[in-house]
Amino acid sequence: MIVVCGDALIDFLPVALPQGGSGYIPVCGGSCCNIATAIGRLGGKVGFMGGLSEDFFGAMLVQQFNEAGIDLRYATRLPFDTTLAFVRLGDDEPEYAFYDSGSAARHWTLKGAPSLGTEVDVLHIGSVTLIHPPVSSACESLFENEQGKRVLSIDPNCRPGLAQDPEAYRQRLNRLCGMADIVKLSVTDLGFMQPGVGPHSAAESWLSNRAKIVLVSRGAGGATVYLAGGRVVEVPARPARVVDTVGAGDALIAGFLTHLQQSGDLHRDSIGALTGDRARKALEFAAHVASLACEHRGSDPPWRREIIVAGYDESSQM
């Protein structure tokens, strides 16, 4: 099972009102929520770990998790508010205004969380829960403690505008990426984490340390997987009738992890032996997932049946 540890929040998406003007609608969001939901909808075995509010927004999140078949044994309900994020859509990446002070996600700690069981093959962390303590410290301690026990995956999904101490945040993200077996990030993330360093150089550095896979997303420019030995796999972005790109990067890593899990490659004793051909198949599947996510409003990952209807040939990909 893949356990995704991190943020689960409510995005408020802008909508045009029938009577004129604009408003917002609440939908489930947060990078780690999106990733867990996508893996569940794609038929992967997945659980969520982190703080979920006892308020009615928390109930919305739990309902979505349950509908996607997500295991919640590692989630903790807390008597604090749900994080809220207002979204502004434009020509580039979506912009967010977060309301996170005193939230359930930020109050989550390891003290009240159950230990990961032997059924957990992969631990994935990322996004806004890596910014502020105590939750950022809890995630770092968890990641450090789980080294060598299971595959560790991270998608920083950087939000430097939220950090009170951007340099401490940058250092934390680089430490965590140095512990990971799988590093997924966008070129924008890399620009914050390691200014002036290109994707190839960053990937080589991580691969020479602990990482087995580095996945770099370039939005409409496609995605690249870097493997040990200088192997590089590139896949273009698939054509899509784009509604917005909210959650597209989350869908990409979710599709990638799901394919590796279902092909038997997502284990501590096999991840380092991933071939270029199998990495390409996983990345092609991930590109399908991300393109369909862009055709939905907000972060609404596709179900596996949508992937098949859209023309994905499962028989040629395993």
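We count residues from 1, following the sequence as given.
A donor atom on one side chain and an acceptor atom on the other are not found under 3.5 Å apart for Thr129 and Asp7. Checked by atom type, the side-chain pair Ser127/Arg159 shows no donor-acceptor distance below 3.5 Å.
In terms of heavy-atom proximity, Ile2 sits nearest to Gln261 at CG1-NE2, 3.5 Å. For the pair Gly30 and Asp11, the tightest heavy-atom approach, listed with the atom from each and the gap, is N-OD2, 4.2 Å. Closest of all the heavy-atom pairs between His296 and Val243 is O-CB, 4.0 Å. Pairing each heavy atom of Pro236 with each of Ala287, the nearest pair is O-CB, 4.2 Å. Minimum interatomic distance between Ser217 and Leu252 (heavy atoms only, all atoms of both residues): CB-CD2, 3.6 Å.
Checked by atom type and distance alone, the side chain of Tyr226 never pairs as donor or acceptor with a backbone atom of Leu207 at under 3.5 Å. Judged by distance alone, with hydrogens and angles left aside, the side-chain atoms of Glu295 form no donor-acceptor pair with the main-chain N or O of Val242 at under 3.5 Å. A distance-only check finds a donor-acceptor pair linking the side chain of Ser291 to the backbone of His288 [under 3.5 Å]. Checking side-chain atoms of Ser137 against main-chain N and O of Pro133 turns up no donor-acceptor pair under 3.5 Å. With hydrogens and angles disregarded, no donor-acceptor distance shorter than 3.5 Å links the side chain of Ser205 to the backbone of Ala202.
The ring of Phe98 has its center no closer than 6.0 angstrom to the ring center of Phe86.
For the pair Gln63 and Met60, the minimum side-chain heavy-atom distance is 4.5 Å or more. The closest side-chain heavy-atom distance from Phe48 to Asp71 is not below 4.5 Å. Side-chain contact between Tyr24 and Val15 is absent, with no heavy atoms from C-beta onward closer than 4.5 Å. Between Leu89 and Val246 there is a side-chain heavy-atom pair separated by less than 4.5 Å. Contact annotation: the side chain of Lys212 never approaches that of Leu274 to less than 4.5 Å [non-hydrogen atoms, C-beta and beyond]. In this structure, the side chains of Ser53 and Ser103 stay at 4.5 Å or more apart for every pair of heavy atoms.
More than 12 non-hydrogen atoms from other residues, nucleotides or ligands lie less than 6.0 angstrom from CZ of Arg231. Residue Phe192 qualifies as enclosed at atom CZ: its count of foreign heavy atoms under 6.0 Å is above 12. Within a 6.0 Å radius of NZ in Lys45, no more than 12 heavy atoms belonging to other residues, nucleotides or ligands are found. Environment of CD in Gln164: sparse, with no more than 12 heavy atoms of neighbouring residues, nucleotides or ligands closer than 6.0 Å.
A salt bridge does not link Arg77 to Glu54: none of the charged side-chain nitrogens sits closer than 4.0 Å to a carboxylate oxygen. Look at Asp300 and Arg41 and you find a salt bridge, because one of the NZ, NE, NH1 or NH2 atoms lies within 4.0 Å of a carboxylate O, short of that distance. Ionic pairing of Lys281 and Glu284 is not present here: no N-O contact between side-chain nitrogen and carboxylate oxygen is shorter than 4.0 angstrom. Of the charged side-chain nitrogens involved, at least one lies within less than 4.0 Å of a carboxylate oxygen, so that Arg73 and Glu119 count as a salt-bridged pair. A salt bridge links Asp100 with Arg106; the closest basic N to acidic carboxylate O contact falls under 4.0 Å.
Placement of Leu260 and Val151 within a single hydrophobic cluster is found when ILVMFWY residues are connected by side-chain heavy-atom separations under 4.5 Å, directly or transitively.
Between the CG atom in Asn34 and the SG atom in Cys28 there is a gap of 9.0 Å [rounded to 0.5 Å]. Going from atom OG of Ser31 over to atom CD1 of Ile125 covers 11.0 Å, rounded to the nearest 0.5 Å. Going from atom CG of Asn145 over to atom CE of Met179 covers 9.5 Å, rounded to the nearest 0.5 Å.
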